Amino acid sequence: MVVALSFVVIMAIMISGAAVGIYYFLEFRKGDQFYREGYAAEEREDHDVAIEKLSQALKHKLTKNDLAETYSSRGAAYRSKGGFEEAVRDFSEAIRLYPNWSHAYFGRGWTYQRKGEPDKAIPDYAQAIRYDANNGWAYYNRGLLYLRRQQWDPAIADFDEAIRCLPDNPNPLLARGQSYLGKKDFDRALANFDGAIAVDSSNPTAYFCRSNIYFIKGESDKQLRDLKEAERLASITPRHYRARSSPLPYNYPDVYRKMEDAYDQSDYDRSIKLANELVAMEINWGQASPVLMDRGNAFRAKGDFDQALVDYDEAIAFNPKNSGAHVDRALVWEKKGRHDQALQDYAEAIRLDPKMWQAHFNRAIAFREAGEFGKAIEDMSEVMKLKPEYVPAYVTRAADYYRSGQIDKALEDWNRATELNSNQVEAYVGRTMAYVKKKDYVRAAKEIELATRVESKHPADTLNSLAWLQATCPDKRARNGAAAIDTATKACELTQWNDWRYVDTLAAAYAESGNFTEAANYQKLALRRAEGPTAIIEQAKRRLNLYEQHKPYREEIAGQR
């Protein structure tokens, strides 16, 4: 009995153990099957199926290695669908299982980068590199974050390593070239873009980038050659060069809108801060280009022209067809007094986009300031073709006609400006100048008086012009000393008596009224504060001599001052 009972017990234990073994065998087999199906689905980018299968795998038994792989694969699928919180959770679980796993740190770092949290991404990339010194993509992605922060030297160091690890990929070479461009080391930037073309001669981005260097160097033949090749390659990209387009991060539109709103509200520091957030997101170079351009505009508005130039350079480097960045960069060149470079950028913007009226408009202003009124009129006429109801174009061309002695054409443009916008104060002031030039002082006085009734950004200028005409006009029908005193005083008060020209006008008004003592006193005050060309100040001194001789001032050709 004892033997028989022992045998029964042993058999029961064996059967139970076998059942447990079979159970675990089947569980591991199911888990492995779901894992493999989920992994395969993620490989073919069927993310929903991947998440479903991998989640099923986690309900069954898995080896430690397969468990970590399952979390990592599901994390990648969640990230692709924009489920960043779920992705971070899964990669963190994979790291818990294997704390030295470079791949999991890289996956979590890339998730943080896509999520717009670069300060969390960089430490994860550092850990990925720590546990695998040959993780080229970790170097590359961290380098991109440094590049977009304009930390050129750390970026270059990372791209050096990425190039070592990924010798057959042109992207690290392109990125290192962009970093050298940021450092204004154009020769090294060119060498890197040459290298990228040597690695992949069918890469249109490499030719675009190199064309920008040739533009900066003034080698227009080479620039146009590379642009032509880039555009040819881009047109056949589906057959010869697969560049997967990056979807915008889920919060990109909201942050971009806030950045634009901050700029419109003149909160340039906040606009820059939000732009920094955008460029730190996982976006491609083409998507980063307009953000860098906008950040450059904010720096320009703050008067930081050097930083603005860096951003415009990068915006163009990231997308050499960004004609708007050429226009904005030209504005900075003008501020720096580099007229020729400004014209070069305007010309390139127009070549890239012949319908970009802003380039024609700004170039017209540049030509005017250089005294080239014929070219200015030609460009402004092009603006009118592109934007026939754009009032500033008519006002500006009229001024150029006026300066070139074509008074009747100037009047036509100013008349058209007031037809389009009856509150265009510059048109009234311009017509005043034209009528003065024609010696029709009565009509001039009526025009400038109309101008004072129109809302203006610079009302003191308009008031001063009216007062000057009332005080100094050769035609007595247009003169009115008392009115001139009242109007000039208002102009002085609006500027808190800080503009010596308005005080000079007030002195002329008192002289017209016959109060030469006050005229001389105000003229002396004006001269104490006078600044500007020597010839203008000398004229003011001669007016003081007239007042001391009890003589009013008469201007042969009066007008806007």
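Please read these numbers as outputs of a predicted model, since none were measured by experiment.
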Smallest separation among heavy atoms of [X] and [Y], with atom names:
X      : Y      : value
Ile485 : Thr489 : O-OG1, 2.6 Å
Gly532 : Ile537 : O-CD1, 3.8 Å
Ala230 : Tyr207 : CB-CB, 3.7 Å
Gly324 : Met293 : C-SD, 3.5 Å
Ala206 : Ala196 : CB-CB, 4.1 Å
Ala491 : Leu463 : CB-CB, 4.1 Å

Would you call [X] and [Y] a side-chain contact if the rule is heavy atoms closer than 4.5 Å?
X      : Y      : result
Glu314 : Val279 : no
Phe208 : Leu233 : no
Leu506 : Tyr502 : no
Glu512 : Thr472 : no
Arg403 : Tyr401 : no
Val442 : Lys446 : yes
Val429 : Ile448 : yes
Ile407 : Tyr402 : yes

Under-4.0 Å salt bridge between [X] and [Y]:
X      : Y      : answer
Glu538 : Lys541 : yes
Arg148 : Glu277 : no
Asp269 : Lys302 : yes
Asp261 : Lys258 : no
Lys375 : Asp379 : no
Glu449 : Arg453 : yes
Arg501 : Asp499 : yes
Arg416 : Glu412 : no

Test side-chain contact (heavy atoms from CB on, under 4.5 Å) on Leu274 and Tyr256 and set out the steps. CA-CA 7 Å; Leu274 291 166; Tyr256 196 101; over 6 Å; no
Using modelled atom types and a 3.5 Å cut-off, is there a donor and acceptor pairing between side-chain atoms of [X] and backbone atoms of [Y]?
X      : Y      : answer
Asn464 : Ala460 : no
Ser211 : Gln223 : no
Arg338 : Trp333 : no
Ser271 : Asp267 : no
Trp414 : Ala398 : no
Tyr394 : Pro388 : yes
Asn415 : Leu411 : yes
Thr495 : Cys492 : yes
Gln523 : Ala540 : yes

Quick one: list whatever passes side-chain hydrogen bond (donor to acceptor under 3.5 Å, both in side chains) with Arg477, sequence neighbours left out. Asp475
[X] [atom1] to [Y] [atom2] distance, which is reported to the nearest 0.5 Å:
X      : Y      : atom1 : atom2 : result
Asp328 : His326 : CG    : NE2   : 11.0 Å
Asp413 : Asp400 : CG    : CG    : 9.5 Å
Gln358 : Leu386 : CD    : CG    : 9.5 Å
Asn297 : Leu292 : CG    : CG    : 11.0 Å
Leu527 : Asp504 : CG    : CG    : 7.5 Å
Gln151 : Ser179 : CD    : OG    : 11.0 Å

Does a side chain donor of either [X] or [Y] reach within less than 3.5 Å of an acceptor in the other side chain?
X      : Y      : result
Arg300 : Tyr312 : yes
Asn498 : Arg529 : no
Asn421 : Gln424 : yes
Thr418 : Arg431 : yes

Between Gln178 and Asn192, is the side chain to side chain donor-acceptor pair (under 3.5 Å) condition met? List the steps. CA-CA 9 Å; Gln178 304 288 15; Asn192 275 271; over 6 Å; no
Quick one: do Lys551 and Asn545 satisfy side-chain contact (heavy atoms from CB on, under 4.5 Å)? Show the steps, please. CA-CA 9 Å; Lys551 295 179 181 179; Asn545 290 334; over 6 Å; no
Find out whether the Lys NZ or Arg CZ of Arg543 is both under 6.0 angstrom from the six-membered ring centre of Tyr553 and within 45° of the ring's axis. yes
Keeping to residues at least two apart or across chains, list the salt bridge (charged side-chain N to carboxylate O under 4.0 Å, His left out) pairs with something in residues 206-216. Asp194-Arg210, Arg210-Asp226
Start with the C-alpha gap between Phe361 and Met380, add the side-chain angles, then the distance that decides, and say whether side-chain contact (heavy atoms from CB on, under 4.5 Å) holds. CA-CA 6 Å; Phe361 185 89; Met380 203 58 71; 3.3 Å; yes
Please work out whether the ring planes of His550 and Phe516 are parallel, tilted or perpendicular, with thresholds of 30° and 60°. parallel
Determine whether the aromatic ring centres of Tyr268 and Tyr263 lie less than 6.0 Å apart. yes
Under the side chain to side chain donor-acceptor pair (under 3.5 Å) rule, what do Arg443 and Tyr435 come out as? Steps first, then yes or no, please. CA-CA 6 Å; Arg443 292 186 71 179; Tyr435 287 131; 2.8 Å; yes
Would one find more than 12 heavy atoms of other residues, nucleotides or ligands at under 6.0 Å from atom [atom1] of [X]?
X      : atom1 : result
Gln549 : CD    : yes
Glu389 : CD    : no
Lys184 : NZ    : yes

When you look at Tyr214 and Leu224, which way does the side-chain contact (heavy atoms from CB on, under 4.5 Å) test go after all the steps? CA-CA 9 Å; Tyr214 285 136; Leu224 293 174; over 6 Å; no
For Arg542, enumerate each residue passing the salt bridge (Lys or Arg N to Asp or Glu O under 4.0 Å) test, keeping only those at least two apart in sequence or located in another chain. none
